[in-house]
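Read the structure below first, then the notes.
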2 protein chains.
Amino acid sequence: MAKGEYLGEFEHVVLLTVLRLGDGAYGAMVRAEIERVTDRSPAIGAVHATLERLERKGLVSSWIGKPTAERGGKAKRHFKIEADGVSALKTAQKTLQRLQAGLSLWNVAV
Amino acid sequence: MAKGEYLGEFEHVVLLTVLRLGDGAYGAMVRAEIERVTDRSPAIGAVHATLERLERKGLVSSWIGKPTAERGGKAKRHFKIEADGVSALKTAQKTLQRLQAGLSLWNVAV
DNA sequence: CCATAATATCCACATAATAGACAATATAGG
DNA sequence: CCTATATTGTCTATTATGTGGATATTATGG
């Protein structure tokens with residue numbers, strides 16, 4: 001494959017998070033979930049840039065939401081994972097699994 | 001964590017491959033192993049650039065080898081994984097595992 | 001209306017990924 | 001010896017990803 005056909009590290013994280021959250025996840029929500037689950041705190045701009053790239057690649061799709069009963073804020077952009085996104089996750093997972101087959105990281109002599 | 005403290009996607013692949021191959025792996029060997037195990041064919045330049053980056057970060061170390069009985073070639077640069085390299089792999093693995101907890105990619109409605 | 005909360009977007013820059021051409025060096029065989 | 005060739009690393013340029021901060025937008029509460 002050529003450049004740009006694999007999920008980058010953060011793309012992988014964001015895409016898995018969109019899948020976890022289910023259809024309708026939006027930027028700020030994705031950011032919060034990443035923080036909750038992984039102990040890292042990406043900037044909101046980083047999350048949006050990545051979602052936009054994933055959308056350009058056809059791995060997620062998005063639509064603008066209606067205002068809700070909450071305090072306020074600019075209209076949310078909601079995301080859902082697409083079939084190609086699921087495939088990309090499978091490919092990434094398989095690659096890592098194959099490379100790790102037979103290796104236990106907790107039992108390495110260094 | 002801040003910028004640059006995570007393994008990039010290809011860094012992850014290369015680092016796992018160095019671990020698989022054990023101490024003494026070198027560029028061309030790493031490249032061949034990636035090809036064998038994952039069906040992708042990175043350019044040799046890509047592999048070397050990545051190994052160099054991993055070394056700068058202290059995740060692997062290297063030394064120049066002596067000529068062997070084989071045909072010829074420039075002296076090999078051999079690599080071994082360092083303790084920090086193993087830690088980085090553990091962190092990356094844990095992050096992905098947490099995000100995937102409870103999700104089966106083979107059972108997703110899209 | 002105004003203050004403030006919630007959200008997205010824009011912009012600039014740093015780091016990672018990648019390919020391809022090139023250089024180096026060893027051995028084999030005449 | 002000398003040359004052809006195999007094997008490997010090095011250099012360079014370019015594109016893709018990752019990152020954070022500042023700014024814009026929009027809704028609600030008072």
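These numbers come from a predicted model, not from an experiment. All values below come from the heavy atoms of this structure, side chains included, with hydrogens, waters and symmetry mates left out. A note on names: the letters A, B, ... follow the listed sequences, proteins ahead of strands, and every chain is numbered from 1.
- No salt bridge links A:Lys94 with B:Asp39; every basic N to acidic carboxylate O contact stays at or beyond 4.0 Å.
- Look at CD on A:Glu55: it is 10 Å from P on C:dT9, rounded to the nearest Å.
- In terms of phosphate contacts, B:Lys57 brings a side-chain nitrogen or oxygen within less than 4.0 Å of OP1 or OP2 of C:dA16.
- Side-chain contact between B:Glu9 and A:His12 is absent, with no heavy atoms from C-beta onward closer than 4.5 Å.
- Geometric assessment of B:Arg40 against the ring of B:Phe10 yields a negative cation-pi assignment under the 6.0 Å and 45° thresholds.
- Heavy atoms of A:Ala46 sit under 4.0 angstrom from at least one base atom.
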With a cut-off of 3.5 Å and sequence neighbours excluded, list every side-chain donor-acceptor pair involving residues 102-110 of chain A.
| unit_1 | atom_1 | unit_2 | atom_2 | d |
| --- | --- | --- | --- | --- |
| A:Ser104 | OG | A:Trp106 | N | 3.3 |

Self-check item: A:Arg77 and A:His48: CA distance, side-chain angles, deciding distance, side chain to side chain contact (heavy atoms under 4.5 Å, CB included) verdict
Solution: CA-CA 10 Å; A:Arg77 176 178 292 275; A:His48 276 288; 5.7 Å; no
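- Heavy atoms only, all atoms of each residue included: B:Val60 and B:Glu82 are closest at C-CG, 3.8 Å.
- Residue B:Ala49 places its side chain closer to C:dT18 than to any other of D:dG9, C:dA8, C:dT18.
- Two residues, B:Arg56 and B:Pro42, neighbour DNA chain C, and the one matched to the more 5' nucleotide by heavy-atom proximity is B:Arg56.
- For B:Arg77, whose side chain is taken as the heavy atoms from C-beta onward, the closest listed nucleotide among D:dT17, C:dT9, D:dT10 is D:dT10.
- Considering only side-chain N and O atoms, A:Tyr26 lies under 4.0 angstrom from the phosphate OP1 or OP2 of C:dT7.
- Side-chain N/O atoms of B:Arg31 and base N/O atoms of D:dG9 include no donor-acceptor pair closer than 3.5 Å.
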Can you pull every protein N or O that's under 3.5 Å from an N or O on nucleotides 2-4 of chain C?
| unit_1 | atom_1 | unit_2 | atom_2 | d |
| --- | --- | --- | --- | --- |
| C:dT4 | O2 | A:Arg71 | NH2 | 3.2 |

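- Rounded to whole Å, atom P of C:dT9 lies 10 Å from atom CD1 of A:Ile44.
- One can place CD of A:Glu9 at 11 Å from P of C:dA16, the figure rounded to the nearest angstrom.
- Positionally, the nearest nucleotide of DNA chain D for A:His12 lies more toward the 5' end than for the other of A:Gly45 and A:His12.
- As judged by a 4.0 angstrom heavy-atom cut-off over every strand, A:Gly8 is placed among residues touching the sugar-phosphate backbone only.
- Atom P of nucleotide D:dT8 and atom CH2 of B:Trp63 are separated by 16 Å, given to the nearest angstrom.
- In this structure, B:Ala75 reaches the sugar-phosphate backbone alone: every heavy-atom distance under 4.0 Å involves primed, P, OP1 or OP2 atoms, never a base.
- No contact: A:Glu52 has no heavy atom under 4.0 Å from any strand.
- Taking the side chain of A:Lys76 as heavy atoms from C-beta on, and the options C:dT7, C:dT9, C:dT18, the nearest nucleotide is C:dT7.
- At a threshold of 4.0 angstrom between heavy atoms, the contacts of B:Gly27 are confined to the sugar-phosphate backbone, with no base atom among them.
- Going from atom CD of A:Glu11 over to atom P of D:dT15 covers 18 Å, rounded to whole Å.
- Taken from CG in A:Leu7 to CG in A:Leu59, the straight-line distance is 6.5 Å, to the nearest 0.5 Å.
- Between A:Lys74 atom NZ and C:dT9 atom C1' there is a gap of 5 Å when expressed in whole angstrom units.
- Between the A:Glu11 side chain and the A:Leu54 main chain, no donor and acceptor come within less than 3.5 Å of each other.
- Between A:Arg40 and D:dT19 there is a side-chain polar atom (N or O) within less than 4.0 angstrom of OP1 or OP2.
- The distance between atom CD of A:Glu5 and atom P of C:dT18, rounded to the nearest whole Å, is 10 Å.
- Taking atom CG of A:Leu51 as the reference point, atom P of C:dT9 lies 10 Å away to the nearest angstrom.
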